[in-house]
2 protein chains.
Amino acid sequence: MSLLEKIIGPTLASQEEEEQKVGPLAGIPMLGLDALSSAAYGPEAALTLLLPLGALGLAFIGPITLIILGLLTILYLSYRQTIAAYPTGGGSYTVAKENLGTRPGLLAAASLLLDYILNVAVGIAAGVGALVSAVPALHGHILALCLLILALLTLVNLRGIKEAGVVFILPTYLFVGTLALTLLIGLVRAALSGGHPHPLEAPPAVPVATAGVSLWLLMRAFANGCTAMTGVEAISNGISAFAKPAVPNAQRTLTWIVVILGLLLGGIAYLCRAYGIAATDPDGATYQSVLSMLVAAVAGRGVFYYLTLAAVLAVLSLSANTSFAGFPRLCRLLAQDNFLPYAFANRGRRLVYTLGIAILAVLSGLLLVAFGGITDRLIPLFAIGAFGAFTLSQAGMVMHWRTHPARSPQEKAKNRVSLIINAVGAVATGVALAVVLATKFREGAWITLLLIPGLIVLFERTKGHYAHVAEQTRRHEPLDLSSLKPPVVVVPLRQWSTITEKALRFGLQLSPDVLAVHISATEDEADHLRQRWAGYVEEPARRAGVPPPRLIVIASPFRRLFHPLFDIIKTLEGEYPDRMIAVIIPELVGSHWYDYLLHNQRATALKAALLLNGDQRVVVVNVPWYLSGRKA
Amino acid sequence: MSLLEKIIGPTLASQEEEEQKVGPLAGIPMLGLDALSSAAYGPEAALTLLLPLGALGLAFIGPITLIILGLLTILYLSYRQTIAAYPTGGGSYTVAKENLGTRPGLLAAASLLLDYILNVAVGIAAGVGALVSAVPALHGHILALCLLILALLTLVNLRGIKEAGVVFILPTYLFVGTLALTLLIGLVRAALSGGHPHPLEAPPAVPVATAGVSLWLLMRAFANGCTAMTGVEAISNGISAFAKPAVPNAQRTLTWIVVILGLLLGGIAYLCRAYGIAATDPDGATYQSVLSMLVAAVAGRGVFYYLTLAAVLAVLSLSANTSFAGFPRLCRLLAQDNFLPYAFANRGRRLVYTLGIAILAVLSGLLLVAFGGITDRLIPLFAIGAFGAFTLSQAGMVMHWRTHPARSPQEKAKNRVSLIINAVGAVATGVALAVVLATKFREGAWITLLLIPGLIVLFERTKGHYAHVAEQTRRHEPLDLSSLKPPVVVVPLRQWSTITEKALRFGLQLSPDVLAVHISATEDEADHLRQRWAGYVEEPARRAGVPPPRLIVIASPFRRLFHPLFDIIKTLEGEYPDRMIAVIIPELVGSHWYDYLLHNQRATALKAALLLNGDQRVVVVNVPWYLSGRKA
């Protein structure tokens with residue numbers, strides 16, 4: 001196991017878990033990266049759709065951003081309440097399930113799972129978009145770069161929460177710092193120049209208009225811009241990662257995230273208009289991200305430009321980390337309710353949910369390959385999951401306040417205010433969801449709409465299966481103690497060795513009826529073993545007064561090893577109708593990870609075949625043999 | 001297992017193997033695709049290097065091709081002899097090992113393994129190169145297309161040899177047919193026009209010269225052109241796939257392959273010069289493959305053009321199939337000699353070597369990602385492995401004929417002729433290898449030169465490990481029959497169920513000392529089980545006169561399940577110093593593939609933990625419980 005441990009770190013004991021908790025300073029990078037980094041693709045996604053309007057399009061980015069900021073404020077107030085009401089972690093799944101019922105809960109869960117997967121793909125793709133903006137020579141390697149970053153991220157997350165948090169602190173604050181500085185310089189320049197600053201590096205000319213303004217186009221731009229709000233729910237899902245007192249810590253973290261995000265969105269929108277920066281064709285070879293053009297216009301293409309773009313690349317790529325924290329957590333909640341296989345509830349090495357992380361990495365990798373690593377192609381699938389979960393969560397909170405007990409009139413009034421806030425949130429996000437769905441249906445939203453019911457069916461089937469098994473294995477009768485005869489023991493062997501001897505000896509401890517089976521490729525080999533058997537087994541057994549184990553030798557051409565053994569087992573079952581058949585399989589255990597590659601493949605295959613081909617009366621016994629270099 | 005079976009086909013029984021054998025007609029696509037398809041990238045690889053010479057470069061493609069054709073003829077004669085001398089499969093590894101010794105054999109094996117991996121990557125990359133030549137709109141998706149084709153190929157190969165062969169017959173003969181027709185039309189046109197045919201679709205202008213002729217440049221072009229010969233050895237490695245009589249069938253197949261390949265290479269070289277077709281920049285956005293320009297010049301960009309290019313795409317992609325047949329075969333040979341883990345020698349489902357196929361797919365996928373799916377970047381790594389294996393194989397054949405017994409003077413003379421042919425082959429391929437190594441060292445050949453010794457070390461270490469284990473487990477003493485006491489049985493349980501009852505009952509059949517261990521999260525749960533235990537187990541046991549199994553309940557916070565169990569096992573080992581400890585773990589077995597995802601994760605983890613943390617005295621007993629819907 002040493003190689004594996006070097007890569008993913010030593011196994012953590014359970015008591016170390018408390019040390020892994022974080023405060024707001026580390027909480028912002030860990031759970032807020034998704035939300036903050038949205039500033040890097042949300043405005044750009046809206047601007048890309050305004051491209052056909054030419055220069056006029058820039059006039060609309062202001063109003064659209066204002067609507068988005070209003071929605072963000074409502075969302076903030078709603079989620080603050082959710083955090084307080086569900087201090088052990090109030091993800092959309094939990095809130096919707098407890099207040100609206102199982103189906104809405106599963107709907108929220110399915111939406112959120114898809115949102116998490118898309119967030120990984122979009123974050124990485126947008127990060128690589130920033131990279132090729134700064135280094136155009138890399139334009140031909142977009143997909144390879146995306147997959148490389150995904151692999152690195154997966155590794156970091158398999159190492160565990162805390163260290164992952166540390167990796168993310170520096171880039172996050174560098175991102176916020178450099179962007180804030182860019183916006184500040186830009187705003188000062190704009191103010192000094194009466195709203196028309198001169199760019200240090202001129203952005204590409206705004207293309208001429210190819211279409212007129214229409215409400216439909218503006219709604220589509222708004223829908224694209226809504227991706228800037230994805231990730232705000234992550235905190236409410238991850239309260240358990242905060243140090244005590246968890247609720248105020250989580251609320252403070254949320255406040256900071258929303259304030260920073262709002263400032264970034266507003267500043268970017270204002271400066272894009274002031275500097276005349278429109279989006280560029282995302283599929284073209286001259287693609288440049290909006291942030292790249294903005295920073296170059298404000299500060300020139302110097303050291304600061306490259307530092308800022310490096311921070312954007314880092315933060316966008318790492319924004320996927322919000323999903324790596326949230327996806328396995330949600331899978332675990334579903335598994336605890338029997339909606340996903342139990343395996344998702346098992347904590348892996350280093351206290352993270354290995355299986356969830358692995359599945360998230362594979363699915364988002366497939367998305368990246370399918371869409372070539374281009375952000376703009378992924379955007380239509382995005383935001384639906386997020387806004388579906390927002391709406392269900394807020395609606396659930398409305399029900400929560402309706403049934404919440406109030407011990408005083410003050411408390412009752414407070415509940416009432418809370419209810420109104422969440423109701424406004426539910427309606428606002430619901431309307432936004434409707435706009436997103438309507439405007440993006442043909443561009444890819446239908447994929448999301450197909451997958452969500454599919455996931456819900458999967459959840460319900462899984463739960464049904466577990467219920468069925470529990471029904472089958474229920475027992476209300478006492479232990480059956482009739483005819484407790486020892487089993488008939490079968491020991492497959494290849495040669496006389498210490499391993500064989502140990503297996504045989506254990507067989508004799510279990511039962512007086514032991515049968516050794518040797519599948520022989522050549523007659524010589526068989527004769528050799530028969531001779532040894534007589535001297536090494538039969539004679540000493542007779543001397544000790546123990547019934548000697550029988551040796552059965554079967555000639556078999558190459559490879560046919562399992563079937564003769566199964567035939568013998570079948571015969572034994574007929575001979576001994578009231579006995580169990582125990583097959584002893586020796587297993588080599590070594591101290592190195594490569595021992596697992598070098599040994600036991602055949603033992604593992606035989607065990608699997610016995611389980612598949614056997615019946616209730618066949619039992620497999622693994623006798624380990626430890627290679628030296630390990631404890632004896 | 002039903003989903004898995006639908007995808008990779010039902011498991012084949014061993015006796016069906018003979019039916020999977022092929023004749024020359026199916027043998028050419030199956031084992032010759034690699035060799036034939038080389039015609040599509042070999043000439044182009046040489047032309048790309050002649051690019052700096054401008055129009056003058058085209059004058060040199062003729063002489064270079066002639067040298068390559070000479071080398072190909074020598075190679076053909078040599079391998080014909082190898083097939084006859086090693087009718088059970090005379091790959092370079094076998095021939096070099098038997099005649100030159102183990103180390104040269106391993107050198108040949110390592111070279112060939114790398115060659116197989118590169119062949120997959122180059123074949124797929126060149127196929128996608130043909131595709132983007134025909135459909136320039138796909139230029140941005142080169143890597144994604146490469147990975148998609150790799151995935152499809154892997155799937156086809158996991159389904160088994162014969163069906164794979166059928167998939168390949170049509171494209172291969174379409175490729176040979178369309179290219180032959182193209183060459184024929186081109187040659188007739190050239191003859192009618194006195195050697196200066198007018199292209200129907202003019203190829204891009206030949207760029208102006210940027211460098212003068214040098215021997216070094218010509219040698220590099222020759223080295224690149226040598227990739228046209230890769231794959232010729234595949235037949236000698238795969239004789240076992242031919243129907244009887246295998247040797248003449250294999251030889252006839254080889255003859256056909258070499259004749260077709262030679263005609264293609266010669267025709268392409270002549271027509272490139274006649275039509276004035278030079279290579280285009282492989283990294284550029286206007287890249288077009290040489291074959292694409294040639295077919296367009298000869299026949300125009302009509303239906304025939306697209307049909308031909310489709311065949312080129314199919315055959316180049318599928319040429320990787322030679323590797324998918326050869327790589328697992330070679331791994332198996334190495335595993336049978338203990339140089340690779342035994343697992344490589346296990347035939348998987350459908351009689352193919354699953355593990356080898358999987359590893360080949362992963363490694364060549366990594367190569368594609370690392371080199372962005374561009375053929376030209378992969379070429380420098382290629383050919384070294386192939387020519388290393390060629391040289392070692394021919395040198396081995398020289399030794400073979402030197403020691404070959406001759407019963408008559410005629411036979412002696414015949415052996416002498418054979419020896420000379422193979423000696424010429426060894427020297428010729430050796431010189432070519434030296435040229436390739438010298439000219440491509442800096443461009444990537446050094447990677448190959450580092451990997452080959454690494455692989456050899458791996459092979460030798462593996463063999464050493466197996467020898468070490470055999471030494472450790474050797475035994476020359478008879479069976480130890482002292483103190484055959486029954487084991488102490490431990491049964492971990494969660495609740496009273498039919499599964500628990502079965503495990504407990506089996507425990508009582510093994511030993512009078514049975515201990516049930518329950519890890520309890522809550523006190524309620526513990527009390528509930530204690531009550532049931534008294535009524536369902538202790539009372540009936542006392543009535544039956546059987547020593548009642550003890551129940552141990554341990555309170556444990558969430559997740560800590562294994563450690564309390566290990567503590568108990570440790571205590572028992574102290575209490576019973578001369579007894580084995582048998583831990584009974586029930587396992588659910590279902591009839592559907594998803595049952596494996598839904599159950600037993602904890603049982604599997606517990607078994608693994610017991611083996612890792614246990615010692616020679618701890619034994620694991622798997623008691624299966626079959627879900628209904630399966631045989632009882």
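Lettering of chains follows the sequences in order, A, B, ..., and the numbering in each one begins at 1.
When each of B:Val620, B:Ile499, B:Ile585, B:Thr462 is checked for heavy-atom pairs under 4.5 Å with chain A, B:Val620 comes out on top. Listed options B:Ile584, B:Asp480, B:Leu340, B:Val621 were ranked by heavy-atom pairs under 4.5 angstrom with chain A; first place goes to B:Asp480. By number of non-hydrogen pairs under 4.5 angstrom with chain B, the leading residue of A:His139, A:His141, A:Arg474 is A:His141. Counting heavy-atom pairs closer than 4.5 Å to chain A, the top residue among B:Leu484, B:Leu510, B:Val623, B:Val619 is B:Val619. The greatest number of non-hydrogen atom pairs below 4.5 Å with chain B, out of A:Lys607, A:His465, A:Glu501, is found for A:Glu501. Chain B forms more heavy-atom pairs under 4.5 Å with one residue of A:Leu481, A:Thr473, A:Val546 than with any other, namely A:Thr473. Interface check for chain B: of the options A:Val537, A:Leu504, A:Val469, the most heavy-atom pairs under 4.5 Å are formed by A:Val469. In terms of heavy-atom pairs under 4.5 Å with chain B, the best-connected choice from A:Phe506, A:Trp496, A:Tyr536 is A:Tyr536. Looking only at heavy-atom pairs under 4.5 Å with chain A, the residue among B:Lys485, B:Met580, B:Gln509, B:Arg617 that has the most is B:Gln509.
A heavy-atom distance below 4.5 Å is not found between the side chains of B:Ile142 and B:Tyr287. Looking at heavy atoms from C-beta onward, A:Trp533 lies in side-chain contact with A:Pro549 at the 4.5 angstrom threshold. Residues B:Ser497 and A:Gln472 have side chains not in contact (no heavy-atom distance under 4.5 Å, counting atoms from C-beta outward). Here the side chains of B:Glu587 and B:Trp625 are not in contact, with every heavy-atom distance at 4.5 Å or above.
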Does the side chain to side chain contact (heavy atoms under 4.5 Å, CB included) test come out yes or no for B:Gln336 and B:Phe344, once each step is laid out? CA-CA 8 Å; B:Gln336 285 175 343; B:Phe344 284 97; over 6 Å; no
Stepwise side chain to side chain contact (heavy atoms under 4.5 Å, CB included) test for A:Leu508 and B:Leu479: CA-CA 11 Å; A:Leu508 288 170; B:Leu479 183 62; 3.8 Å; yes
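Using a 4.5 Å cut-off between heavy atoms, A:Ser483 contacts chain B through both its backbone and its side chain. For chain A, no part of B:Val583 is nearby; none of its heavy atoms comes within less than 4.5 Å. Contacts of A:Val369 with chain B are made by both backbone and side-chain atoms, with heavy-atom separations under 4.5 Å. For B:Arg579, no part sits under 4.5 Å from any heavy atom of chain A, backbone or side chain. For a residue to count as touching a neighbouring chain, one of its non-hydrogen atoms must lie under 4.5 Å from one of that chain's; by this rule B:Thr500 does not touch chain A. At a 4.5 Å heavy-atom cutoff, A:Gln495 makes no contact with chain B through either its backbone or its side chain. For a residue to count as touching a neighbouring chain, one of its non-hydrogen atoms must lie under 4.5 Å from one of that chain's; by this rule A:Leu610 touches chain B with the backbone only. A:Ala144 touches chain B through backbone and side chain together, each having a heavy atom under 4.5 Å away. Heavy atoms of B:Glu477 lying under 4.5 Å from chain A belong exclusively to its backbone. For A:Ser511, no part lies near chain B; criterion is any non-hydrogen pair under 4.5 Å.
The heavy-atom pair separating A:Gly373 from A:Cys146 by the smallest distance is CA-SG, 4.0 Å.
Legend: residues meeting side chain to side chain contact (heavy atoms under 4.5 Å, CB included) with B:Ala467, ordered by chain and number and at least two apart, are absent. Applying the side chain to side chain contact (heavy atoms under 4.5 Å, CB included) criterion to A:Pro548, with sequence neighbours excluded, gives A:Glu538, A:Ala541.
Put simply, the side chain of B:Arg505 gets close to the backbone of A:Ser482: a donor and an acceptor are under 3.5 Å apart.
The 12-atom threshold is not exceeded at CZ of B:Arg494, counting heavy atoms of other residues, nucleotides or ligands nearer than 6.0 Å.
Ring pair A:Tyr466/A:Tyr342 is parallel by interplanar angle, where below 30° counts as parallel and above 60° as perpendicular.
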